[in-house]
Structures are given as C-alpha cells and as structure tokens.
Amino acid sequence: MTLVDHIPTLRGSLNRRLEPGLWPRGAHLRTDNELEIGGVETTQLAARFATPAYVLDEDDIRARCRAYRAALPDVEIAYAGKSLLCRGVLRIIAEEGLSLDVCSAGELAVARSIGFPAERILLHGNVKTAEDFKAALGYGVGRVVIDSLDEIHQLGALTTAAQPVLIRVTPGVDGSTHHAIATGVDGQKFGFSLADGAAERAVARVLAEPGLRLVGLHCHIGSQITRVAAFEEAARRMVGLLALIRDRHEVVLRQLDVGGGHGIPYLPGEAEFDLTGFANRLRCAVNYESGRRRFPVPALTIEPGRCIVGPAGVTLYRVAVVKRGATTFVAVDGGMSDNPRPALYGARYTVRMVGRASSAPAVPVTVVGRHCEAGDVLATGVDLPADIAAGDLLAVAATGAYHHSLSSNYNAVGRPPLVAVRDGVARLLVRRETEDDLLARDEG
C-alpha cells in the first residue's frame, strides 16, 4: 500500500484523465479541460494571482500528515522544513501534530514567528553558524544535531545548560538516488563516518563536553528514495552503533532519528512511496536488531518533507512564445528562477495544458523558461496539443517541494506567489515579489 492509499478522496474520485499519484488528491480535470484544485479553477487562479504561481492543496497536505501519523503512531514525525517553509505551511504542520526539522536561524525565525513549539523542533545541517546556535538556544529547541567536531566545541561554549544533542552518522548506505542528493555514503560533506570510526570518536567528544547532553543518533541517506530496503539497512547499522556505544562508553542512548528522503512520483508510472511497507519494515528492522543485541528499542524519529508537500503542489505558467522547428520549444513566463531542479539534478516533470479544450493531436515539445541560460529547460519530451500557442496555460504537477525553497531572483525576476486552496477558497500564503522588493536591499 502506498502513501496515497492512506489518503481519503477529498472531493470525489480523481478524474481518470489525470495521471494517478502525480496531482493533488483534490484536483480533477473537467471535460472542458479546466483543471480544478481544491474546488478552485486554475484559470481563475492564474487571472487573480498571475503567473507563474505555486498552488498548494491544503487538504492534501493535511491528509498526508495524518497518513504518516496513522501508519507510524509510535514514531515522531518531523517535517523537513527545507522542502517548503512559510508561516502558512508551518501552521498546518503544527496543527497536525508534527515536529519540525530546521537548518538555519532563518528557518527557525519562521517557526518562531508562529509560535511553533520549541520542544518539537530539531536544528541540523552540515554547517551551523554561531548565529544558528544562538537562535536555537535562545528559543530552546528540543534537539540539535551535531555534524562536525568543531560544532561540539562551538555549541558547548555557548550553552548555559546541558543542550540535548544527536550525532549525525554517515551509515554507508547507498539510497540509489542522484549523486547530488545522496547523503548516506562516505566521501561527502554530511555527518561522521561509521566505517572509519569517526562516529564513535564524536560520541566520546560529546560525552566529555559538559554543555551537551547526548540523547541519540541521527542519519539521513539521501532524498527522493523509494527503496524501503535502504532505510532498513541504515536502521540496522544505526542500532548496531547504539549497542557499540553502550558497550564501550557505558551509556544507553534512547533516541534514533533515521531521517527522511521519501520519494514521490514525478512522471506517469513512477513508483509511489510504500508507506505501509516502510512502517512495517522499519519497525521490524529496529526491533530485530535491538533484540539481537539486547538493546532497548529506541524511540524513533523520521523526517519526511517532499512526501508531505510535493504532490500537493502545482505550478501554473502562461505560454509566452512557441518556436516550431526540428524541436518545438514552448517558452513560459517562468523557468529556472522558480524551478532550478531540472538544471541541478536533471529532474523531469509531468506538464499539461489546461483551461481550454483542444482537438489537435499531441506532439512532443520542450518546455523552456525565460532565462538567459541554455540549461533553463523545465521539461523535455512533453506531449502537448499541436495548436499550443502564446497565452495558453500550463500546469506542472508535483511541484510542492523544493520549488519555493530553491527559487531565486535570476535576471531580476520576482519570485512567484504561493497560494493555498481549500473548499473552493484561495488564500495567499506568500505574495509575489515585486520590483520594489528587488530594489529594497540595493544600497547603491
């Protein structure tokens, strides 16, 4: 059973013309080719908020939060804030009872501005500045994840009371994902290696630091991972390290955070994350390894982000130019400033023309952006109607995660608005960036 199987249909059955698993559960396509999300027509959204625009199905996010809690009732679910962070989304996360993972003082400031419970916040990242540490200590975050030897001394020197910490371990597990988002193997910048003993040496250093209280271990093997077996193997190795720490240092660490990185489909036919299988196999792996090593079963934390917000998001673009030739280029009014993932990772997407019906045959096109880069390509090999023209509206599926977060002002283009839809109502979460915004920081 997949994550989507846990989620009740929010507004009737999903129209069969929409690719299952790729679009928000509250989305359906009418016979006139009008796409509705959360009961709101996308043509209305484009007219009201202009394009490009990020659209989020709020009920879909809430349902995914509840699906995780239902599948793993005895596990702490910490939303990975880096996937999509703004006040409106964090209010949903807080209301649904999830914890929160932040990576900077800035992300923490957003959480603090809505009063997100400090005890449910983890701070980590491979580099944390003194400002990050001071912000975390000032707000009283529940746990800090240590990622380097320097951080042990730096954080310890700032504390006035013993700060609970976890140590991030690189378990040597390959999640079979793109090399740019693989974090569980040796030879990259995250955590302490399990293989060369660095993790155990970090444990000894933390235990000797009076300003820190070691409560557990953390690992993260990468992003966009669908193989449950990789999470099983990482969990086994981490429990083995917990037992080794008990035997060599005479301390029993009670917490184990196995990270996130749960994948989602971006194209038809791609596998959805097997949440039920993950829940069962993770428990079995941890329980078995704990029993085998006579170690008390640790309290577990996981950190899903993409799987919570990714499929709930749709990006709307207006076609600006169509160039027909050996390759047909459909150029839109956005691009790598609002979605750099194709340029960074070669990410691929499902794209539809919406808002008008067409009887023209589908032809393969390349959807490109407006920026001065040959790499500003949003999607290749996309089948769109042969009569696609300037002014048409395109919808791109599964864009809730790592789009708003990674957006930029390249070519001095303002970042798009973020709009939540629910029960036929659209509300603005983050407004469009204006030229005045772009000039506000320019002191020249």
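Model, not experiment: these values are computed from the prediction. Just so you know, these numbers use all the heavy atoms, side chains as well, and skip hydrogens, waters and symmetry mates.
The two residues Pro52 and Pro416 make their nearest non-hydrogen contact at O-CB, 3.4 Å. For the pair Thr51 and Ala46, the tightest heavy-atom approach, listed with the atom from each and the gap, is CG2-CB, 3.8 Å. Here the closest heavy-atom approach between residue Phe49 and residue Ala426 is recorded as CE1-CB, 4.0 Å. Nearest heavy-atom pair, Cys219 versus Ala234, reported as atom, atom and distance to 0.1 Å: SG-CB, 4.3 Å. Ala199 approaches Leu241 most closely through the heavy-atom pair CB-CD2, 4.0 Å. Between Val228 and Gly277, the shortest heavy-atom distance links the atoms CG1-O, 4.1 Å.
With a 4.5 Å cut-off on side-chain heavy atoms, Val321 and Arg370 do not count as touching. Taking 4.5 Å as the limit, some side-chain heavy atom of Arg324 sits within range of a side-chain heavy atom of Val322. By the 4.5 Å heavy-atom criterion applied to side chains, Leu394 and Val367 are counted as neighbours. Using a 4.5 Å heavy-atom threshold, the side chains of Leu56 and Leu84 count as touching. Within the 4.5 Å cutoff, the side chain of Phe278 has no heavy atoms near those of the Glu232 side chain. The closest side-chain heavy-atom distance from Val382 to Thr366 is not below 4.5 Å. Two residues are said to be in side-chain contact when any heavy atoms from C-beta on lie closer than 4.5 Å; Ile308 and Cys65 meet this criterion. Side chains of Tyr139 and Ile121 form a contact here, defined as non-hydrogen atoms less than 4.5 Å apart.
When atom types are taken as modelled, the side chain of Ser193 and the backbone of Ala195 share a donor-acceptor pair closer than 3.5 angstrom. Using modelled atom types, one side-chain atom of Thr42 and one backbone atom of Leu35 make a donor-acceptor pair closer than 3.5 Å. Using a distance-only test at 3.5 Å, with no hydrogens or angles considered, no donor-acceptor pair links the side chain of Ser83 to the main chain of Tyr402.
Residue pairs meeting the salt bridge (Lys or Arg N to Asp or Glu O under 4.0 Å) criterion with at least one member in residues 395-407, sequence neighbours excluded, do not occur.
A distance of 8.5 Å separates CG in Leu100 from OH in Tyr79, rounded to the nearest 0.5 Å. With values rounded to the nearest 0.5 angstrom, Ile264 atom CD1 is found 11.0 Å from Ser223 atom OG. Interatomic distance, CZ of Arg352 versus CG of Asp383, reported as 10.5 Å (0.5 Å rounding). Taken from CZ in Arg64 to CG in Asp57, the straight-line distance is 9.5 Å, to the nearest 0.5 Å. Taking CZ from Arg341 and CZ from Arg348, the interatomic distance works out to 13.0 Å, rounded to the nearest 0.5 Å. Rounding to the nearest 0.5 Å places OG1 of Thr170 at 11.5 Å from CD1 of Ile221.
A salt bridge links Glu233 with Arg237: the distance from a Lys NZ or Arg NE/NH1/NH2 to an Asp or Glu carboxylate oxygen falls below 4.0 Å. With respect to the salt-bridge test (charged N to carboxylate O, under 4.0 angstrom), the residues Asp74 and Arg283 qualify. Salt bridge annotation for Asp333-Arg318: absent, with no cationic side-chain nitrogen under 4.0 angstrom from a carboxylate oxygen. Comment: Arg168 does not engage Glu151 in a salt bridge, judged by the lack of any side-chain N to carboxylate O separation of less than 4.0 angstrom. Between Arg281 and Asp274, none of the side-chain N atoms (NZ, or NE/NH1/NH2) sits under 4.0 Å from a carboxylate O, so this pair counts as no salt bridge.
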Tell me, with the steps shown, if His403 and Asp338 meet side chain to side chain donor-acceptor pair (under 3.5 Å).
CA-CA 6 Å; His403 290 69; Asp338 58 76; over 6 Å; no

Before you tell me yes or no, could you show the steps for Lys128 and Ile146 under side chain to side chain contact (heavy atoms under 4.5 Å, CB included), namely the whole-Å CA-CA distance, both residues' side-chain angles and the distance that decides it to 0.1 Å?
CA-CA 9 Å; Lys128 292 179 281 294; Ile146 296 293; 5.7 Å; no

Could you go through the salt bridge (charged side-chain N to carboxylate O under 4.0 Å, His left out) check for Arg69 and Glu96 one step at a time?
CA-CA 9 Å; Arg69 294 189 67 193; Glu96 294 299 330; 5.5 Å; no

Verdict with supporting geometry, Leu282 and Leu300, side chain to side chain contact (heavy atoms under 4.5 Å, CB included):
CA-CA 10 Å; Leu282 177 66; Leu300 294 177; 4.2 Å; yes

Please report the C-alpha distance between His218 and Gln255 in whole Å, then the side-chain angles of each, then the deciding distance to 0.1 Å, and finally whether the side chain to side chain donor-acceptor pair (under 3.5 Å) criterion is met.
CA-CA 8 Å; His218 177 285; Gln255 298 182 33; over 6 Å; no

Full working for side chain to side chain contact (heavy atoms under 4.5 Å, CB included) between Val368 and Leu378:
CA-CA 5 Å; Val368 299; Leu378 292 175; over 6 Å; no

Report the C-alpha distance between Leu90 and Val110 in whole Å, list the side-chain angles of each, state the deciding distance to 0.1 Å, and finish with yes or no for side chain to side chain contact (heavy atoms under 4.5 Å, CB included).
CA-CA 8 Å; Leu90 289 195; Val110 180; 3.9 Å; yes

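Applying the side-chain contact (heavy atoms from CB on, under 4.5 Å) criterion to Asp392, with sequence neighbours excluded, gives Val319, Met353, Arg356, Ile388, Ala389. Every residue meeting the ring pair (Phe, Tyr, Trp, His ring centres under 6.0 Å) condition with Tyr266, not counting sequence neighbours, appears here in chain and number order: Tyr349. Under the rule for a side-chain contact (heavy atoms from CB on, under 4.5 Å), Ala320 has no partner lying at least two apart in sequence or in another chain. With sequence neighbours excluded, the residues satisfying side-chain contact (heavy atoms from CB on, under 4.5 Å) with Ser104 are Glu107, Asp132. Residues satisfying the salt bridge (Lys or Arg N to Asp or Glu O under 4.0 Å) criterion with Asp32, sequence neighbours excluded, are Arg30.
Atom CD of Glu435 is surrounded by 12 or fewer heavy atoms from other residues, nucleotides or ligands within 6.0 Å.
Under the side-chain contact (heavy atoms from CB on, under 4.5 Å) test applied with Asp437, the options Arg431, Arg415, Arg432 reduce to a single match, Arg431. When Thr315, Leu316, Val55, Thr350 are each tested for a side-chain contact (heavy atoms from CB on, under 4.5 Å) with Thr399, only one passes: Thr315.
Side-chain N/O atoms of Tyr410 and Asp376 include no donor and acceptor closer than 3.5 Å. Judged by distance alone, the side chains of Ser113 and Arg87 do bring a donor and an acceptor atom under 3.5 Å apart. In summary, the side chains of Glu34 and Thr43 do present a donor paired with an acceptor at a separation below 3.5 Å, with no hydrogens or angles considered. Under 3.5 Å, the side chains of Asp147 and His124 contain no donor-acceptor pair of N or O atoms. A side-chain donor-acceptor contact under 3.5 Å links Ser337 and His371. No hydrogens or angles considered: a donor-acceptor pair under 3.5 Å links the side chains of Ser358 and Asp387.
Both cation-pi conditions hold for Arg120 and Phe116: the charged atom is under 6.0 angstrom from the six-membered ring centre and inside a 45 degree cone around its axis.
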